[in-house]
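Encoded as structure tokens, the structure appears first; notes follow it.
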2 protein chains.
Amino acid sequence: MARTQGSHSEITGPRIREAALHLFAKHGFAAVSMRQIAGEVGVQVGALYNYTPDKQALLFSLLEGHMIDLLEAWRSLDTPQSPEARLEAFVRFHIAFHLDRPEAVFISYMELRNLDPENFSRIERLRRDYEDALETILRDGVAKGVFALPDSKLTTLAVIAMLTGVTTWYRPGGRLGPDDVSRLYWDMVRKTVAA
Amino acid sequence: MARTQGSHSEITGPRIREAALHLFAKHGFAAVSMRQIAGEVGVQVGALYNYTPDKQALLFSLLEGHMIDLLEAWRSLDTPQSPEARLEAFVRFHIAFHLDRPEAVFISYMELRNLDPENFSRIERLRRDYEDALETILRDGVAKGVFALPDSKLTTLAVIAMLTGVTTWYRPGGRLGPDDVSRLYWDMVRKTVAA
DNA sequence: GTCTATATGTAGATAGAC
DNA sequence: GTCTATCTACATATAGAC
């Protein structure tokens with residue numbers, strides 16, 4: 001799908017990122033060629049290098065963008081006071097955010113090993129920041145006596161794994177809608193941490 | 001690391017599978033070349049094709065072997081009568097089995113999309129068999145009134161996601177040993193399904 | 001900013017000697 | 001059963017014209 005020559009800087013950049021996100025999610029970073037990405041966008045392969053220095057930087061930028069979006073979205077949310085209400089807000093936020101961008105979630109878990117070491121560290125730092133948000137809620141609830149958990153770090157990781165797992169089976173138009181899913185997961189989390 | 005010529009059929013096959021498992025887990029299927037696998041084993045690349053018709057078949061065989069091992073191990077376990085005891089047995093089994101072979105677990109989740117469609121279906125069928133084992137326990141507990149869950153399929157998937165998540169952070173010699181981990185996860189699962 | 005052409009390397013898989 | 005040599009295809013990335 002080659003395109004006639006011309007300058008399209010404002011739209012080509014985002015389209016490259018979208019195409020890369022889509023293809024990386026479907027086939028995996030290593031299995032996707034720059035030519036495939038170019039083909040999906042409708043440009044020739046050389047044009048991609050006006051927008052990214054190399055393939056690795058393109059992957060990193062997608063993963064970093066996703067983590068920054070996640071943290072920003074959570075921080076800009078008006079969170080309630082009580083630990084229970086804050087935990088419920090976190091559960092519902094996490095599910096809604098993740099169901100909204102399954103491809104970004106997918107590559108953010110799957111393609112970590114294709115990052116070079118420095119890029120990997122940066123993503124891990126962002127991930128830890130997000131985990132800390134949940135752990136803080138849990139610790140606070142324990143301190144106030146409304147939650148009971150033997151190990152706040154392990155519970156944090158277990159809850160996030162459980163919630164993120166929703167993206168492996170959820171399909172729009174399926175038996176359960178997003179609100180059903182949020183409610184059911186919140187039920188489970190609530191019981192898990194209950195005092 | 002080339003090796004002098006000679007016949008080693010009894011040992012080369014397993015060593016190829018080990019090397020492939022290790023390299024696929026570390027770098028990803030698509031990022032690993034047949035030459036790398038041969039190098040790790042200490043043979044030349046042509047020799048690999050005495051043991052697998054192609055790279056795809058090698059991946060499938062690793063994933064299928066893992067799922068069959070998992071199902072066999074669970075089925076050969078003497079499971080108790082009561083739903084609570086059976087659920088506890090499942091949780092402890094799942095964690096012990098998964099902590100024992102982190103690389104096979106890892107590629108079994110990460111490399112599904114690199115299977116061709118028919119191979120993918122076969123692995124999915126085995127995975128569903130395993131999920132059914134847990135769902136049967138949960139349904140039984142609900143019928144007997146000892147568990148309360150709004151949706152046995154969703155709870156099945158949530159519990160498996162939570163338990164399998166242990167492989168993403170567990171490291172031998174870390175703060176928590178395998179028995180600690182099993183106990184803590186069992187605590188969480190028990191509360192989640194409690195009536 | 002995009003194109004075409006290309007440099008350079010490496011991939012999966014096979015053939016035939018030993 | 002393994003080796004060496006090779007076929008064919010495709011990879012990332014760059015140079016220079018438009």
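Throughout, protein chains are lettered first and strands after them, A, B, ... in sequence-line order, and every chain is numbered starting at 1. What you see below is based on every heavy atom in this structure, not just the backbone, and it leaves out hydrogens, waters and symmetry mates.
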Ranking A31(A) and A47(B) by the position along DNA chain D of their nearest nucleotide, the one closer to 5' is A47(B)
Whole-Å distance, M34(A) CE to dA5(C) P, equals 20 Å
Atom CD1 of I37(B) and atom C1' of dT10(C) are separated, to the nearest Å, by 15 Å
Residue pair D54(B)/V45(A) against DNA chain C: nearer the 5' end by closest nucleotide is V45(A)
To the nearest angstrom, the CZ-P distance between R15(A) and dG1(C) comes to 16 Å
Testing dA11(D), dC3(D), dA11(C) for proximity to the side chain of S33(A), the answer is dA11(D)
Practice item. For T156(B) and E131(B), test the side chains for any donor-to-acceptor distance below 3.5 angstrom and give the result as yes or no. Key: no
R35(B) atom CZ is separated from dA11(D) atom P, nearest whole Å, by 16 Å
Taken to the nearest whole Å, CD1/I11(B) to P/dG1(D) is 13 Å
The nucleotide from dG12(C), dA13(D), dT2(D) with an atom nearest the side chain of K55(B) is dG12(C)
message = Once you measure the plane-to-plane angle for F97(B) and F93(B), does it fall in the parallel (<30°), tilted (30-60°) or perpendicular (>60°) bin?
response = tilted
Between A19(A) and E40(A) the two heavy atoms that sit nearest each other are CB-CG, 3.6 Å
From CG of N50(B) across to C1' of dT2(D) the rounded distance in Å is 7 Å
Are any of Y49(A)'s side-chain N or O atoms less than 4.0 Å away from OP1 or OP2 of dG1(C)?
-> no
Separation of dT14(C) atom P from L48(B) atom CG, nearest Å, is 13 Å
_Ring centres under 6.0 angstrom apart (W74(B), Y130(B))_ = no
To the nearest angstrom, the CD-C1' distance between Q44(A) and dT14(D) comes to 15 Å
ask   = Has T12(B) got a side-chain N or O lying under 4.0 Å from the OP1 or OP2 atom of dT2(D)?
value = yes
For S182(B) and V91(B) the tightest heavy-atom approach is O-CG1, 4.4 Å
